[in-house]
Trainee: 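One structure, pasted below without further comment.
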Amino acid sequence: MPTTRKPILAANWKMNKGPAETEDFLKSFLQKLQEKKNFPCEIVIAPPFVSLAKAAEMLSASNAPVQLAAQNASQYDAGAYTGETTMLMLKEFFVHYVILGHSERRAIYGESDEVINAKLKKAREAHLKPIFCIGETLAEREGGKLEEVLGRQITVGLDGLGEKDMLDTVIAYEPVWAIGTGVTATTEQAQQAHAFVRGLVAKMFGKEVAEKVRIQYGGSVKPANAAELMACPDIDGALVGGAALDPQSFFDLVKNACTVVEE
Ligand code: PGA
């Protein structure tokens, strides 16, 4: 990963850790962060909505180099949408990023590329930075549809965004078959997909923008494989589920990933 793109390591806790567990995690994680003076990468944590207030309070009190993300938000401004949360509400919790289009949202909650596109636009209106997830299923990859699927997800998902919006968007390539399975894409598979995605971004927004956009890899990233993934030229960070639930594990992962940038 070239030094022109600041790597971004994000913890996606999914439906884990209420406020009490968030407090426990952060107490330990923030303490560990003090072992190291500088982090040449961005560190992001995405707790469930109900834990954002606790996380925001602890992060602002500690001045830690950690940004907050939400795991989802609505494409609407306000109104009769029971159970939903708006982008602007997230701003009140000092949230900077919002994960959109995660494969679990696509598969379990039926979010289409069009819905995800509307969410991306709404996030940008609120000046939130989207972490926009894409990725193919195993059947799609084995059926030779990798490029078609990523092509559709990117062109529909990013449709109508301006250059500045694109520069403030992080793409997370997460092959669905690698999420939570312990099976990581090989560095070759990951690099190939990332280069393809960057090419798609170049077609839509120009080469200069594409060279600046960060593309994270996600899917069974662990402390042990973070550095080799990060060493690939088009991989600019990781979106981490399971290995980010334990403070020691996420800290080790961040530290190992950073060694590549520091070299
Ligand atoms: P995993 O999840 O690291 O547990 O595979 C990644 C993700 O879903 O973002």
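Not measured: the values here are computed from a predicted model. This chain uses plain numbering: 1 for the first residue, then up along the sequence. One-based numbering, in listed order, for ligands and for the atoms of each.
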Trainee: Is the closest basic N to carboxylate O distance between Asp113 and Arg106 below 4.0 Å?
Mentor: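 Answer for the salt bridge query: yes.
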Trainee: Look only at the side chain of Trp13 and the backbone of Ala244, and say whether a donor-acceptor pair between them is shorter than 3.5 Å.
Mentor: yes
Trainee: Could you tell me if Lys14 and Gln71 have a donor-acceptor pair between their side chains, going purely by distance under 3.5 Å?
Mentor: no
Trainee: Would Glu125 and Lys122 pass as an ion pair if we require N to O under 4.0 Å?
Mentor: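 Lys122 and Glu125: salt-bridged.
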Trainee: Please check this pair: side chain of Asn72 against backbone of His102, looking for a donor-acceptor N/O pair closer than 3.5 Å.
Mentor: no
Trainee: At a heavy-atom distance under 4.0 Å, which protein residues reach ligand 1? Sort them by chain and number, would you?
Mentor: Asn12, Lys14, His102, Glu174, Ala178, Ile179, Gly180, Gly219, Ser220, Leu239, Val240, Gly241, Gly242
Trainee: Thr86 and Tyr76: which non-hydrogen atoms are nearest, and at how many Å?
Mentor: CG2-O, 3.8 Å
